Amino acid sequence: MKIEVWQGDITTLAVDAIVNAANETLLGGGGVDGAIHRAAGPELRDACERLALVRPGVRCPTGEVLATEAFALPARHVFHTVGPVWHDGHRDEPALLANCYWKSLQLAEKLEVRSIAFPAISCGVYGYPLYQAAQIAATETIAWQRGHREPRRIILVAYNSATFKAYQQALLAAGQPVEEACPAERSAQDMRIATALE
Ligand code: ADP
């Protein structure tokens, strides 16, 4: 097993679960969250709205994760996690970002998810330095795979080439080289077929 890196739009992936980099309200925002809500359709917002508030304005605290159906998306589940806003690195940002990955993988195991795709959580408007975030994504996912059988496919999705390169470097630094023709670089149609055959 190895961590896969794929460049493209996470909403096109026919995996068991895609992870959304949401905000604490779960009521939609820009970036990958906006793309996921547009592609899933209005039922996704309704499903998020039905999730209980844990305190005023907060359905999912930073570093936590909640699942909904994926509605019109080709994926089966959407895992909504909330990454930390980057301040200076001394406000628990690394531990909170690590929690987003680790708790998503715990939830994946619980829901018998075999394939999961992550966007670069916190690397957009939340301003997390790209390489530091990529190191956390690499460290957490590699550590998970060492101790668990599922999900057997973990895909780090880069929306742009800078993120793709950061993942390659971080995985290499963690002792896991990324092959040029990695298996995740398949069309959504191929992935749907592969998932159906598993
Ligand atoms: P955050 O608020 O956690 O920073 P953003 O949505 O602003 O979340 O950005 C997170 C990452 O998701 C960024 O690297 C951004 O380029 C990427 N991204 C945006 N749209 C998509 C998409 N459709 N598929 C995959 N990644 C995306």
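In this text the structure is predicted, and so the values were computed from the model without any measurement. Indexing begins at 1, ligand by ligand and atom by atom, following the structure's order.
- Ligand 1 has no nitrogen or oxygen under 3.5 angstrom from a nitrogen or oxygen of D33.
- Counting protein heavy atoms only, atom 10 (C) of ligand 1 is closest to A120 O, 3.2 Å.
- Below 4.0 Å from some heavy atom of A21 lie the following atoms of ligand 1, by number and element: 3 (O), 8 (O).
- Side-chain N or O atoms of Q145 include none that pairs as donor or acceptor with a backbone N or O of T141 at under 3.5 Å.
- Nearest to atom 3 (O) of ligand 1 among the protein's heavy atoms is S122 N, 2.9 Å.
- Of the protein's heavy atoms, G124 N, 2.8 Å lies nearest to atom 4 (O) of ligand 1.
- Close contacts between ligand 1 and D9 involve ligand atoms 22 (C), 23 (N), 24 (N) [criterion: under 4.0 Å to a heavy atom].
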Using the side chain to side chain contact (heavy atoms under 4.5 Å, CB included) rule, take E109 and Q106 through it: C-alpha gap first, then chi angles, then the decisive distance, then the call. CA-CA 5 Å; E109 188 178 48; Q106 286 178 321; 5.6 Å; no
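- Counting protein heavy atoms only, atom 24 (N) of ligand 1 is closest to I10 N, 3.0 Å.
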Taking only distance into account, with no hydrogens and no angle test, what donor-acceptor pairs under 3.5 Å do side-chain atoms of residues 22-34 form with protein atoms, sequence neighbours excluded?
{"residue": "N23", "atom": "OD1", "partner": "T25", "partner atom": "N", "Å": "3.1"}
{"residue": "N23", "atom": "OD1", "partner": "T25", "partner atom": "OG1", "Å": "2.7"}
{"residue": "N23", "atom": "OD1", "partner": "L26", "partner atom": "N", "Å": "3.4"}
{"residue": "E24", "atom": "OE2", "partner": "T62", "partner atom": "N", "Å": "2.9"}
{"residue": "E24", "atom": "OE2", "partner": "T62", "partner atom": "OG1", "Å": "2.8"}
{"residue": "T25", "atom": "OG1", "partner": "L27", "partner atom": "N", "Å": "3.0"}
{"residue": "D33", "atom": "OD1", "partner": "N20", "partner atom": "ND2", "Å": "2.5"}
{"residue": "D33", "atom": "OD2", "partner": "G29", "partner atom": "N", "Å": "2.4"}

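- G83 does not count as a contact of ligand 1, since none of its heavy atoms falls under 4.0 Å from the ligand.
- Although no hydrogens or angles enter the test, the distance criterion places no donor-acceptor pair under 3.5 Å between the side chain of Q176 and the main chain of I142.
- Ligand 1 is approached by V125 to a heavy-atom distance shorter than 4.0 Å.
- Of the protein's non-hydrogen atoms, the one nearest atom 6 (O) of ligand 1 is V32 N, 2.8 Å.
- Side-chain contact between N99 and E140 is absent, with no heavy-atom pair separated by less than 4.5 Å.
- Contacts of A35 with ligand 1, taken as heavy-atom pairs under 4.0 Å, involve the side chain alone.
- Residue contact check: G8 has heavy atoms under 4.0 Å from atoms 24 (N), 25 (C) of ligand 1.
- Checking only distances, Y126 does come within under 3.5 Å of ligand 1, N or O to N or O.
- Within ligand 1, counting atoms from 1 as listed, the ones closer than 4.0 Å to a heavy atom of Y159 are 16 (O), 17 (C), 18 (N), 19 (C), 20 (N), 21 (C), 22 (C), 23 (N), 24 (N), 25 (C), 26 (N), 27 (C).
- Not a single heavy atom of G29 sits under 4.0 Å from any atom of ligand 1.
- The shortest side-chain heavy-atom distance between P151 and W144 falls under the 4.5 Å cut-off.
- Of all atoms in ligand 1, numbered sequentially from 1 with element shown, those under 4.0 Å from a heavy atom of C123 are 4 (O), 14 (O).
- Ring-plane geometry between H37 and H80 is classed as tilted, the angle between the planes lying from 30 to 60 degrees on a 0 to 90 degree scale.
- Below 30°, between 30° and 60°, or above 60°: for F118 and Y101 the angle between ring planes is between 30° and 60°, a tilted geometry.
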Going through the checks in order, is the side chain to side chain contact (heavy atoms under 4.5 Å, CB included) test met by F79 and I18? CA-CA 6 Å; F79 287 2; I18 63 167; over 6 Å; no
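- Residues P94 and Y128 have side chains in contact (heavy-atom distance under 4.5 Å, counting atoms from C-beta outward).
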